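Report on one structure; see the data block that follows.
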Amino acid sequence: MKNQEVAALLYEIADLMEIKGEIAFKVIAYRRAAQTVETMSKDVEAVWQEGKLEDLQGVGKGIAETIAGFLEKGKSKHLDELKKGFPPGLVDMLELEGIGPKKVKLFYEKLKIKSIKDLEKACKSGKLRNVPGLGEKTEQNILQSIEHAKKRGGRMLLGYAVPIAEQIVAEMKKSGHAERVNVAGSIRRGKETIGDIDILVTSEKPDKAIEFFTKMKDVADVIAKGPTKASVHLHSGLQVDLRVLTDKEYGSALMYFTGSKEHNVEMRRIAIAKRMKLSEYGLLKSDKFVAGHTEEEVYKQLGMQFVPPEIREMRGEIEAAQHGKLPKLIELRDIRGDLQMHTKWSDGSNTVEEMAQAASQLGYQYICITDHAGNMKIANAMGQKEIERQRAEIDKINKHSDIHILQGAEIDIRADGRLDVSNDVLKKLDIVLASLHSALKKDNTSRILAAMDNPNVDIIAHPSGRLIDRRETVALDMPKIIDKAKETCTILEIDAQPNRLDLNDVSVRAAVDAGCLIAIDTDAHAPDQLGFMKLGVLTARRGWTKKEDVINTRPLDKMLKCLK
DNA sequence: GCCGTTTTCGGCCCGACTGTTTTCAGTCG
């Protein structure tokens, strides 16, 4: 699949056109097309071969030609033309807070600044202040942006941001200056990584709320502070935005602040088509307030179903909501068990009994202990004798446990596609998870296909093998894997570890659409990691997953019937 | 450059905040 490459090409063209001073709508057009290609499940190359590029949303004659040229020749004439006369470091400057295309252009033309490094030097030597429109304050702000960029080094994992956001919500509630307090933004949408934290509050005393917010103990510096809105950096480098509103406009503001931006833009467009106006202050018809107290009422007034935050990504949710065809998404409370976790028998930090007790407190009916088995010494994998001893232990605990414990194992798929444990041993386990851990460059797709053909393999664990902050998705033919999963009745997993979330949202959706069954597991290596389940459910929801698509929403007997 | 329940031409989301300006451009979300 070359979708990501094509999207990157279109984004880069957009960035360069913007710096060049191209009219805004052209730039927007390229970004929209890039987004379509980036998030669609079909292979862009296949669409091109069918001659149907122009059927894609936001792709017309011009952009279709650009894409076709790129797919044909492996490089883009259009992009090469644009790059002429532009040093490669220019677009990097767009990553800095407070720097947009106009400033980049200005820096380059007036001061020959070609990179972030040049820019830093120019600020330190006070050269920027000589340019009309720029001043001393601008220099300081840019230096600070560069510092933050160095510190932050990209986006933060959802699983790490959620506790921080919850902490801030708790503080704001305790402050006495805010009545309703919510996390909005990409955290509310459950995106796997987040750029900043958005907090929304209603308050009778906005100035007090803002004051309290900008003086919280974790705040390192204040970026912006007005009567209704403020932004700060925490000591960790993370940016937090606060917006203060009245109760009346709470719903429309929550919508606005939740995003995605693209979803909001489309919603506003729909409002205009209906001769109304949508902003964070409500839905207005000739300046008369129509809706805004709740999100539900805004969607209703625009003739749509309520769209859950997790799917507000411009992936077809608007059309579905207009036709009343949104699925009822899975919820955390639907989960009845967790089918992947580790104990001291391999690389976990607690006993079977301790994990069972923790799971029991979450209200689960069953769990599956899936310690590593085979030859993976690095994960302290169990041998055949240990598997038998573990079985005896589990049987013993099950006699007095209020939660049913299954014995499973996580088995490595070797470089040649064979499993690391013999079928005689696998047969005796309740559930077998197979997954890639090593030799990730070697023909990953056929290794997974081979594993699925094994009648003992029930679940493919963390199928793509990615680690969000360290390792890219291994090269996989996901459509092939999904087809095979359907054919062999193999379950695909969403591993809910913060740095995995694997399958990701897009792949989950493709799998569910194809009729595959999903398991959402935490892969917990300690009791508190069982709480990652909510991240897995968020990812499933982002993939339009329903309760019935997920095997561990079923009671024990029905769940077992889903296995091979 | 794209697109059509207002349109095949003329629009394309909208408001807050900052820094530099004396009325606004640039940036952000």
Side-chain angles (χ1 to χ4, degrees), chain A residues 10 13-14 17-19 21-36 53-67 78 93-107 128-142 144-145 184-186 188-189 194-200 206 210 222-232 239-245 249 252-284 302-303 314 322:
Chain A
L10 297 176
I13 289 175
M17 287 201 315
E18 202 166 30
I19 294 171
E22 188 63 82
I23 56 164
F25 301 119
K26 271 196 186 185
V27 178
I28 290 167
Y30 273 86
R31 297 230 165 94
R32 294 186 108 195
Q35 218 211 346
T36 298
L53 282 175
E54 286 187 51
D55 289 359
L56 298 174
Q57 186 65 32
V59 176
K61 198 161 168 261
I63 293 180
E65 245 168 57
T66 300
I67 296 176
H78 190 166
M93 281 190 269
L94 293 173
E95 300 292 315
L96 299 172
E97 297 158 26
I99 304 295
K102 300 278 166 58
K103 290 227 177 91
V104 170
K105 191 178 184 209
L106 190 67
F107 296 155
L128 253 60
R129 66 189 71 171
N130 301 326
V131 180
L134 303 176
E136 221 170 306
K137 191 77 212 274
T138 312
E139 288 173 353
Q140 285 167 24
N141 285 346
I142 290 173
Q144 210 174 41
S145 292
S186 43
R188 183 161 181 246
R189 301 204 312 282
I194 61 111
D196 58 17
I197 294 179
D198 301 291
I199 306 287
L200 189 69
I210 298 262
V222 179
I223 306 164
K225 183 177 161 190
T228 63
K229 188 171 163 178
S231 296
V232 300
Q239 183 176 328
V240 187
D241 298 334
L242 177 81
R243 181 90 180 220
V244 188
L245 295 126
E249 64 212 11
S252 45
L254 191 55
M255 232 175 116
Y256 157 79
F257 231 36
T258 297
S260 68
K261 191 177 157 190
E262 292 76 14
H263 178 91
N264 286 346
V265 167
E266 189 58 28
M267 290 302 295
R268 289 173 183 201
R269 206 175 274 140
I270 289 168
I272 290 168
K274 292 187 183 292
R275 299 193 177 282
M276 291 189 263
K277 195 174 89 169
L278 178 62
S279 76
E280 55 265 51
Y281 300 114
L283 183 65
L284 306 173
L302 290 174
M314 284 306 281
Q322 284 172 325

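Lettering of chains follows the sequences in order, A, B, ..., and the numbering in each one begins at 1. Remember, it's a predicted structure, so these values are computed and weren't measured experimentally.
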Exercise. What nucleic acid atoms does A:Val27 come within less than 4.0 Å of, heavy atoms only: base, sugar-phosphate, or nothing?
Worked result: nothing

Exercise. Rounded to whole angstrom units, what separation is found between the CG atom of A:Leu56 and the P atom of B:dC3?
Worked result: 10 Å

Problem set entry | Inter-nucleotide P distance (B:dG10, B:dA16), Å rounded | 32 Å

For this session: Quote, to the nearest angstrom, the C1' distance that separates B:dG1 from B:dT5.
Result: 23 Å

For this session: Please state the P separation for the pair B:dT18 and B:dG11 - nearest whole angstrom.
Result: 34 Å

Problem set entry | Minimum-distance nucleotide (side-chain atoms of A:Ile272 versus B:dG1, B:dG15, B:dC13) | B:dC13

For this session: Mind checking A:Asn141 for me? I need base, sugar-phosphate or nothing, with any heavy atom below 4.0 Å counting as a touch.
Result: sugar-phosphate

For this session: Would you check if the side chain of A:Ser145 reaches a backbone N or O of A:Leu96 as a donor-acceptor pair within less than 3.5 Å?
Result: no

Exercise. Just how far, in rounded Å, is P of B:dA16 from NZ of A:Lys225?
Worked result: 19 Å

Exercise. Nearest heavy-atom pair of A:Val27 and A:Ala14: which atoms, and what distance?
Worked result: CG1-O, 3.6 Å

For this session: Using atom CD of A:Glu22 as one end and atom C1' of B:dC2 as the other, report the distance to the nearest whole Å.
Result: 14 Å

Exercise. What does A:Ser231 touch in the nucleic acid at a heavy-atom separation under 4.0 angstrom: a base, only the sugar-phosphate, or nothing?
Worked result: nothing

Seminar exercise, completed: The Watson-Crick or G-U wobble partner of B:dT8, with both key distances under 3.5 Å, is none

For this session: Identify, between A:Leu278 and A:Ile63, the residue whose nearest nucleotide on DNA chain B lies closer to the 5' end.
Result: A:Ile63

Seminar exercise, completed: Side-chain atoms of A:Arg275 come closest, of B:dT6, B:dC17, B:dC2, to B:dT6

Exercise. Quick one: A:Lys26 NZ to B:dC2 P, roughly how many Å, whole number?
Worked result: 10 Å

Seminar exercise, completed: Of A:Ile28 and A:Gly58, the one whose nearest nucleotide on DNA chain B sits closer to the 5' end is A:Gly58

Problem set entry | Euclidean distance for P, B:dC9 against B:dC14 (whole angstrom) | 25 Å

Seminar exercise, completed: A correct 5'-to-3' footprint of nucleotides 22-29 of chain B, with B, S and - meaning base, sugar-phosphate only and no protein heavy atom under 4.0 Å, is ----SSSB

Exercise. Which listed nucleotide (B:dG1, B:dT20, B:dA16) is nearest to the side chain of A:Thr138?
Worked result: B:dT20

Exercise. Rounding to the closest angstrom, what is the interatomic distance between B:dC2 and B:dT8 at atom C1'?
Worked result: 12 Å

Exercise. When we call it a touch if two heavy atoms are under 4.0 Å apart, what does A:Lys274 touch: a base, just sugar-phosphate, or nothing?
Worked result: nothing

Seminar exercise, completed: Regarding the side chain of A:Ala224, the nearest nucleotide among B:dC17, B:dC3, B:dG19 is B:dC17

For this session: Figure out the CZ/C1' separation between A:Arg31 and B:dC2, and round it to whole Å.
Result: 16 Å

For this session: Check A:Ser252 against A:Ser279 and note the closest heavy-atom contact, atom names and distance.
Result: CB-O, 3.6 Å

For this session: Find out whether A:His78 and A:Tyr30 are in side-chain contact, i.e. whether some heavy atom of one side chain is under 4.5 Å from a heavy atom of the other.
Result: yes

For this session: Rounded to whole angstrom, note down the P distance from B:dC13 over to B:dT6.
Result: 15 Å

For this session: May I have the distance from A:Gln322 (atom CD) to B:dT5 (atom P), rounded to whole angstrom?
Result: 11 Å

For this session: Locate the shortest heavy-atom distance separating A:Gln239 from A:Asp196; write the atom from each residue and the value.
Result: O-CB, 3.1 Å

Exercise. With sugar-phosphate meaning primed atoms plus P, OP1 and OP2, does A:Arg243 contact a base, only sugar-phosphate, or nothing at under 4.0 Å between heavy atoms?
Worked result: sugar-phosphate

Seminar exercise, completed: When every non-hydrogen atom of A:Gly195 is compared with those of A:Ser186, the smallest separation belongs to N-OG, 4.3 Å

Exercise. Counting any heavy atom closer than 4.0 Å, what does A:Glu136 reach on the DNA or RNA strands: base, sugar-phosphate only, or nothing?
Worked result: sugar-phosphate

For this session: Could you pull out all residues at least two apart from A:Arg243 that satisfy side chain to side chain donor-acceptor pair (under 3.5 Å)?
Result: A:Glu280, A:Tyr281

Exercise. Which value, in whole Å, describes the distance between the C1' atoms of nucleotides B:dT22 and B:dC28?
Worked result: 24 Å

Exercise. Which pair of heavy atoms, one from A:Leu94 and one from A:Gly100, lies closest together, and at what distance?
Worked result: CD2-C, 3.5 Å

Exercise. So, for A:Met255 and A:Asn264, which heavy atoms are closest and what is the spacing to 0.1 Å?
Worked result: O-OD1, 3.4 Å

Exercise. If the C1' atom of B:dG29 is compared with that of B:dT23, how far apart are they to the nearest Å?
Worked result: 24 Å

For this session: Take atom CG of A:Asn130 and atom P of B:dT20, then tell me their distance rounded to the nearest Å.
Result: 13 Å

Problem set entry | Between B:dT8 (P) and A:Lys61 (NZ): distance, integer Å | 20 Å

